[in-house]
Amino acid sequence: MVLLMVVCANLGDLMLKRGMLQIGAVQISGPGIWHALLATIQNGTIWLGILFLIGFTFCYMTAVSWADYSYVMPAGAFGYAVQTMLAVVILHESVNAQRWVGVVLIVAGVLLVGQTHPSTTETKVLEEPEAVSP
């Protein structure tokens with residue numbers, strides 16, 4: 001579930017970035033923001049990004065219902081490494097050495113967290129309410 005969460009988040013963020021590149025820089029003014037709002041509503045790439053981010057939200061909610069928050073969040077941080085790779089490969093961004101060192105540290109942290117048990121607390125299962133007889 002965490003892997004699916006990372007995939008949805010990364011694809012959603014990538015689509016939002018591509019959509020905003022299609023729209024252009026947002027001017028911080030009343031007319032500029034209004035123009036950006038209208039342009040984003042009409043942009044299919046942004047809508048695709050929003051759908052992936054909705055998928056991320058469902059995966060995230062499911063993951064935190066099964067595992068500790070202190071496991072899901074660091075494990076999900078692996079997405080930062082994936083996002084950096086996507087930025088280089090797809091968006092042709094330049095990533096300097098300092099950023100790569102940060103990515104390596106994130107991956108090392110994810111590997112450490114991944115070696116722990118996902119749930120250290122007892123989960124409470126919601127029970128169906130009993131039917132009341134008339």
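As a basis for the values below, the full set of heavy atoms in this structure was taken, side chains included, without hydrogen atoms, waters or symmetry mates. Position 1 is the first residue of the sequence, and the numbers go up from there.
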Residues that, via side-chain heavy atoms closer than 4.5 angstrom, fall in one hydrophobic cluster with V101 |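 ILVMFWY cluster around V101 also holds L105.
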With ILVMFWY side chains joined below 4.5 Å, transitively, what does L38's cluster contain besides itself?
->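 W34, L37, I41, which link up through side-chain heavy atoms under 4.5 Å apart, make up the rest of the cluster.
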Minimum heavy-atom separation for [X] and [Y], please, with both atom names.
X	Y	result
L14	I90	CD2-CD1, 3.7 Å
L21	L91	CD1-CD2, 4.1 Å
G32	V26	O-CG1, 4.4 Å

Rounded distance (nearest 0.5 Å) linking atom [atom1] of [X] with atom [atom2] of [Y]:
X	Y	atom1	atom2	result
F52	M15	CZ	CE	7.0 Å
I46	L16	CD1	CG	6.5 Å
L48	L11	CG	CG	8.0 Å

Hydrophobic cluster membership, with links at side-chain heavy-atom distances under 4.5 Å among I/L/V/M/F/W/Y: are [X] and [Y] in one?
X	Y	result
F78	L111	yes
L112	Y80	no
L86	L4	no
V95	M85	yes
V7	V89	yes

For Y71, which residues count as a ring pair (Phe, Tyr, Trp, His ring centres under 6.0 Å) partner, sequence neighbours excluded?
->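 Ring pair (Phe, Tyr, Trp, His ring centres under 6.0 Å) check on Y71 returns nothing, list empty.
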side-chain hydrogen bond (donor to acceptor under 3.5 Å, both in side chains): which pairs involve residues 93-108, sequence neighbours left out?
->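 Qualifying pairs: none.
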If you look only at pairs with a residue in residues 2-26, which of them pass as a side-chain hydrogen bond (donor to acceptor under 3.5 Å, both in side chains), with sequence neighbours excluded?
->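 Listed by first then second residue: D13-Q83, Q22-N43, Q22-T45.
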Pairs under 3.5 angstrom only: tabulate donor-acceptor contacts from the side chains of residues 54-64 to other protein residues two or more places apart or in another chain.
from: T57; atom 1: OG1; to: L53; atom 2: O; distance (Å): 3.0
from: T62; atom 1: OG1; to: F58; atom 2: O; distance (Å): 2.9

